[in-house]
4 protein chains.
Amino acid sequence: MSGNTFGTLFRITTWGESHGPAVGVVIDGCPAGIALGEADIQKELDRRRPGQSDITTPRKEEDMAEILSGVFSGKTTGAPISIMVSNRDVDSSKYEELRSTPRPGHADLTYELKYGFRDWRGGGRSSARETAGRVAAGAVAKKVLAIHGIEILGHVIELGGIRAKSANIEDIRENTEKNPVRCADTDASLKMYSMIQAARSEGDSVGGVVEIISPGVPAGVGEPVFDKLSAELARGLMSIGAVKGVEIGAGFSSAAMRGSQMNDPIVVRGGKPGMLTNNAGGILGGISTGEPIVCRIAVKPTPSISKEQCTVDLGKMEEAKIKIRGRHDPSIPPRIVPVAEAMVALVLVDMMMRGGFIKTSAVG
Amino acid sequence: MSGNTFGTLFRITTWGESHGPAVGVVIDGCPAGIALGEADIQKELDRRRPGQSDITTPRKEEDMAEILSGVFSGKTTGAPISIMVSNRDVDSSKYEELRSTPRPGHADLTYELKYGFRDWRGGGRSSARETAGRVAAGAVAKKVLAIHGIEILGHVIELGGIRAKSANIEDIRENTEKNPVRCADTDASLKMYSMIQAARSEGDSVGGVVEIISPGVPAGVGEPVFDKLSAELARGLMSIGAVKGVEIGAGFSSAAMRGSQMNDPIVVRGGKPGMLTNNAGGILGGISTGEPIVCRIAVKPTPSISKEQCTVDLGKMEEAKIKIRGRHDPSIPPRIVPVAEAMVALVLVDMMMRGGFIKTSAVG
Amino acid sequence: MSGNTFGTLFRITTWGESHGPAVGVVIDGCPAGIALGEADIQKELDRRRPGQSDITTPRKEEDMAEILSGVFSGKTTGAPISIMVSNRDVDSSKYEELRSTPRPGHADLTYELKYGFRDWRGGGRSSARETAGRVAAGAVAKKVLAIHGIEILGHVIELGGIRAKSANIEDIRENTEKNPVRCADTDASLKMYSMIQAARSEGDSVGGVVEIISPGVPAGVGEPVFDKLSAELARGLMSIGAVKGVEIGAGFSSAAMRGSQMNDPIVVRGGKPGMLTNNAGGILGGISTGEPIVCRIAVKPTPSISKEQCTVDLGKMEEAKIKIRGRHDPSIPPRIVPVAEAMVALVLVDMMMRGGFIKTSAVG
Amino acid sequence: MSGNTFGTLFRITTWGESHGPAVGVVIDGCPAGIALGEADIQKELDRRRPGQSDITTPRKEEDMAEILSGVFSGKTTGAPISIMVSNRDVDSSKYEELRSTPRPGHADLTYELKYGFRDWRGGGRSSARETAGRVAAGAVAKKVLAIHGIEILGHVIELGGIRAKSANIEDIRENTEKNPVRCADTDASLKMYSMIQAARSEGDSVGGVVEIISPGVPAGVGEPVFDKLSAELARGLMSIGAVKGVEIGAGFSSAAMRGSQMNDPIVVRGGKPGMLTNNAGGILGGISTGEPIVCRIAVKPTPSISKEQCTVDLGKMEEAKIKIRGRHDPSIPPRIVPVAEAMVALVLVDMMMRGGFIKTSAVG
């Protein structure tokens, strides 16, 4: 199991390199009978697309999704859905000089050590371009979840040290997509935008924190003991390049709390048990409580910077200097939002299928 | 896949409830020919054992490990290793009153909603007693890793808001097990100890942060794209009850860094590429760099507290008050250290087997 | 994945050696709320038990099942069910002389070559005693299937070259368990019995064919493309020691048929589509048709015979003669019947859960 | 796990429908550094290609393989290999009349019952066209195996009741590909050819038996207990449409043998233990012995025949007659040979990787 597959019942396999002919994904296990067209996928790919604003990489990719299988008469058939996105604006020239000098903070060195050689063009398999497949599959997962009244809302809550005000679900739904930073707090988004521009002008980059909230998940999703919903979310989110931390609910701040603060009081709401607060982030004992699922990820600053850095010439095995050219995002959080949403959607649909909440076919 | 199995090639399945006859684990995929005896397992179980100090639960369990299969003439045979730990000091009387009133912060409510009924005795399957199986299996994993020169060192770095000074590997190795808090900073450990006693006397509990460092892991461990070493560690650690966050290397603090700070400069060390710093926590692109693997987990305060809390009587579906009796740890971090180490060891041995670093049998 | 686990959603892991302290199984993924007691398991273990008649091995094992977890108040909880069967009548003395001379037809040589050494006592892990765990788990699977009106009927249809008359489901249900050969044709069973006694008296053994029929399986069970119901049955049945062939429906005889003979005509029956014949064995395109599932397995003659055979002394690497002492069944088919039934039951319950026919919990 | 993925470490996922834009496969886990080009894949696809002789379907497909990822500078990189084969000669007109009348012996009815509707064009996902992905992936597996000196040789040994003479490995290697029937016995191949033509002229079809021999597999491949090499082969082979039986070595004929006949005597050969005969088919206790692996499959007659058959009109739920038009093979065995070889190759490479015989990367 080489690691390019994600999920148990709703399972995706991504493939493709940054500068190869195409990238893509095969989705196996999608329930039959879901209305699905290329527009559903395109909508999400456009949110991940390079060149969507002046704070993203200028690489020009239309990222057109082609569905090659698994859909008939506008509906999923239960067969694997193969989706392909061609690479068009490929320019490997800037990468030739990086063939034997691994970029700090990138996977160049570790791929080289692991495999003995690597596709050095544009980062090859370890490029963020791989996430196009995740986002395409996530779009399908979101279609399935929407039928069950579940929404996935990602937004930037911290960037370059600037923290957004806390936002409720309506704010996030309304404001996030209105600014290129994808921050629900408009004031903060302006400061973040300036911060990104400043970092870029200095040949540097900035990190941030993204939050993903999922209202509508019913109670009972998640499997004890190892396959807790929280564990699956942590795995899915940590598998995104540049993510260095994952937390659920109160997360790291729970470490400084008392039990009497942390425990969410249980109350009766609408004739059913509910929680007065949501420090648990919607998950107790690895199983959803019925409250919104709340995750947060720490996103490191883009490793590709034009400032001079120390590296090693692997051919001569001697130290060398490197200044990275090429086209890069000065800050990853705005474009990681749809990727993180995709991973949360993929985990939720898979765990809901495992728990029997979503039927896979007409029988059963 | 109901979720009680962990790992791909070195895979464990735990079983058992808090107040049933026993808990245990079956390890499948352990390489043949590893010297193994019950003492190897006992050593780790003793670190997890209840009643080991006056800041842990007073439940008295000897937690004697019995190896029932897979070992012949003092060596593993390659067959499944079944390990059983009997439950002896079982007292379900304190739990009868909790049958219809779920404890806040616990899995009582979510198990009840998911399965329609539950083994309410001592938390049943969701009890921390389940971790005995993880620790027993982790002891076997550590034996395998030790052959490859890999160590797993866990220690408490924050508790009840008190932060320990940063410690190097020698400090951790020397000092951690000398105090009941398992903190490498002796001064901080005394303050943490007092903090725990204070919280307990108030009928409350405290959370903390545990760090696990693994020196000796060779470069090249971990599989792209979804099965990144970081992703597998996140999943394994987040699957421990009470863990609400996981970070690797600089983790959440990387969100506020510039790329030029975060990127670890690559240098030549001993004729091979190395890193001058370790913000990456030993992992780039999901693959180990050869530097120590560094993980941190956020541990919430023990949900079982004797202070009065709000809950719901599920029978009458009306709000109720609850004061939890029974025997509980006032703070989880000291006892979670061996559990977190076990999970890291299990992930590492599995990923090293997947990467071909560890042979499974005499052939191949 | 070392290979001691079977199933995807209803998944079992067996452990234990022939002459170790015990053998057992952990069942993960059993739906919650199924009535289950030790008697349910004992009933099936008694059918597999050594010493049940004078044509089985005289090893005396009571094979008492102990349920160690996963059952509360007489019902399954959804947590792993751990079942243990102690080994009592262990006599390793006859095996000492086999330490360096592998028995022809056995796994001795291949285990030795694979692992570099082996537990030689009574066949160790490769002993048929391992099937006690399968049968115990199969008993649980049968309980689940019975709720859905599904029966699993195994019977011997050929032994030592003697073929039974074809039998209908009522015959099989009525007659099979009335004779020690487990053949629904009473006349043939007597001849088979004599054949077994004759082979034994010559220091030899005989093989046979076992058929397993499962009426009541609804249409729609099985997943295309690789996880066809037929493929999963083939894997499960071929994983039983001594099985050298598996066929579904017309099986090998279909190779000599014309399409016009083989194709089962589709008709209307009770307002639904049905088949006039069942050459398909209840499976088309890997998915159940609603007709009874029909499998057959070829069982080789017991490899342990007292006739002199050629082998090799692995220590001296020179040819040697061997006469096998110890206690053995002169013919495996009668005792393999409950094992084959167990494997079919395990496959069916797993595939029905994968297809959504069986709910795993109260939700969903 | 919807079932379109096969393998554990060398794992393939196929996708595509008979009359969609393309079919394909993603291979995950192929070792890095294997020389691979489109010609390697084309060679095998040409053996499976429709229209290759006058006893196959006249559908005209060039079946050109495109490699879309995972290969760089003529070598595999360790990343997923995505291979696509476009569908060109698509004619769905003959299938419109079959929309509500399922063809006997086909998956039409079971897909309809399972999913509630189906892609009826050319059999959709259940078409034999799906095997193009298997054969493409098998070509890659064969390249890997060839490095280890392992060959996969498939040939027809029985067709329409005609049995070929037994053939040794040299015969099979020399003669099989010289006749359109793929039978190593030239005389028998002529009779089989006439038999196929006769059946076709009667609007009927014939079945057969295919044998696959794999010399060169080292001892020690295969995992006890459930993941026996024999069990994995059985699963892989039974997952091919039209296969109704699988046997290993002596197979079903072992049922009528005595132990003294069946057991292969162990001898010293070249300083190592070997077998004098190979009734075991190269597998004992689920682990390879070092002798050639021998499998046989029963292939049912093509269900698509032009003779009138009974079926049901699902719309009106009343009985109907059907005569199948369209383009079909009158006998499957000749074209199933490369598919069966592919499945054996896929199982072997996966099990050899699981056993550590094949390295996945430069490290480890």
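First the proteins, then the strands, lettered A, B, ... as listed; each starts at 1.
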K.L.:
Please find the pair of heavy atoms, one from C:Gly3 and one from B:Asp28, that lie closest to each other, and give the distance.
P.N.:
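Heavy atoms of C:Gly3 and B:Asp28 come nearest at N-OD2, 3.4 Å.
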K.L.:
Does CE in C:Met317 sit with more than 12 non-hydrogen atoms of other residues, nucleotides or ligands closer than 6.0 Å?
P.N.:
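Above 12, so yes.
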K.L.:
Considering only heavy atoms, which portion of C:Thr14 lies under 4.5 Å from any heavy atom of chain B: side chain, backbone, both, or neither?
P.N.:
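For C:Thr14, the contact with chain B is made by the backbone alone.
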K.L.:
C:Ala32, C:Pro21, C:Gly20: which one forms the most heavy-atom pairs within less than 4.5 Å of chain B?
P.N.:
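Top count of heavy-atom pairs under 4.5 Å with chain B: C:Pro21.
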K.L.:
What residues of residues 108-123 of chain C make heavy-atom contacts with chain B at a cutoff under 4.5 angstrom?
P.N.:
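Expected list: C:Leu113, C:Lys114, C:Tyr115, C:Gly116, C:Phe117, C:Arg118, C:Asp119, C:Trp120, C:Arg121.
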K.L.:
Any idea which heavy atoms bring B:Pro80 and C:Glu17 closest together, and the distance?
P.N.:
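Taking B:Pro80 first and C:Glu17 second, the nearest heavy atoms are O-OE2, 4.4 Å.
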K.L.:
Is chain B contacted by the side chain of C:Thr13, its backbone, both, or neither, given a heavy-atom distance below 4.5 Å?
P.N.:
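Contact with chain B: side chain only.
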K.L.:
Using a 4.5 angstrom heavy-atom cutoff, name the option from C:Ser82, C:Ala79, C:Gly16, C:Gly24 with the most pairs to chain B.
P.N.:
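The option with the most such pairs is C:Ser82.
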K.L.:
Over all heavy atoms of both residues, which pair between B:Gly78 and C:Ser2 is shortest? Give the atoms and the distance, please.
P.N.:
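Between these two residues, the closest heavy atoms are O-OG, 3.9 Å.
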K.L.:
At a 4.5 Å cut-off on heavy atoms, which part of C:Thr76 comes close to chain B: side chain, backbone, both, or neither?
P.N.:
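For C:Thr76, the contact with chain B is made by the backbone alone.
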K.L.:
Side chains of B:Arg11 and C:Thr5: does their closest heavy-atom pair fall under 4.5 Å?
P.N.:
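Yes, at least one pair of side-chain atoms sits under 4.5 Å.
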K.L.:
For a 4.5 angstrom cut-off between non-hydrogen side-chain atoms, does B:Leu68 reach C:Met84?
P.N.:
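Yes - at least one pair of side-chain heavy atoms lies under 4.5 Å apart.
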